[in-house]
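Below are the C-alpha cells for one structure; questions will follow.
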Amino acid sequence: MKKHRSTVFTRMLFFLLIFTPIAYIGVMFSQGKNPVDEVKNLINKTTDKTNYSKTSEELTIEMQRSEIENLKKELKMCKEQK
C-alpha cells in the first residue's frame, strides 16, 4: 500500500493552525491583556450585528422629520409671541 505524504502546503497550514493562536496569546500577554477576554470580544463583535447602517433614503427621511419638528416648534413659538 502506498504511503501518503503531506505536501509542503499542508505542512505550512498545520504549522499556521498551531502557531498563530500561540503567537496571538503571547502578544496579548506581552501587552498585559487577558487573551480569553480578547477572544470573547472578537466573537461578540462578529456576532453582534444589530447596528445596521442606515441607507441614504432612511437618513433623508430622518432629516426631513427632524426639520418638520423644528419648523413646528418655530411656528408654535411665533403663535405664542402674537
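Predicted model only: the values in this text are computed from it and were never measured.
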Exercise for review: Answer with yes or no whether the hydrophobic clustering places L13 together with F19; edges join I, L, V, M, F, W, Y residues whose side-chain heavy atoms lie under 4.5 Å apart.
Suggested key: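 Yes; F19 is reachable from L13 via cluster members.
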Point to revise | Path from Y24 to I43 over hydrophobic side-chain contacts below 4.5 Å | key: yes
Review point. Do M12 and F9 touch side chain to side chain, with heavy atoms closer than 4.5 Å?
Key: yes
Check your understanding: Is it the case that more than 12 heavy atoms not belonging to E57 sit under 6.0 Å from its CD atom?
Key -> no
Exercise for review: State yes or no: do L59 and I61 share one hydrophobic cluster built from I, L, V, M, F, W and Y residues joined by side-chain heavy-atom distances below 4.5 Å, directly or via other members?
Suggested key: no
Point to revise | K33 NZ to N41 CG distance, which is reported to the nearest 0.5 Å | key: 9.5 Å
Exercise for review: Give a yes or no on whether F14 atom CZ has more than 12 heavy-atom contacts from other residues, nucleotides or ligands under 6.0 Å away.
Suggested key: no
Point to revise | In one Ile/Leu/Val/Met/Phe/Trp/Tyr side-chain cluster, 4.5 Å: V39, F29 | key: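 They do not share one cluster, since no chain of ILVMFWY contacts under 4.5 Å joins V39 to F29.
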**Study point:** For L75, the option from K73, K79, M77, K72 that meets side-chain contact (heavy atoms from CB on, under 4.5 Å)
**Key:** K79
Exercise for review: Determine the minimum heavy-atom distance between P35 and I25, stating which atoms define it.
Suggested key: CG-CG2, 4.0 Å
Exercise for review: For the residue pair E58 and E62, establish whether any side-chain heavy-atom pair is separated by less than 4.5 Å.
Suggested key: no
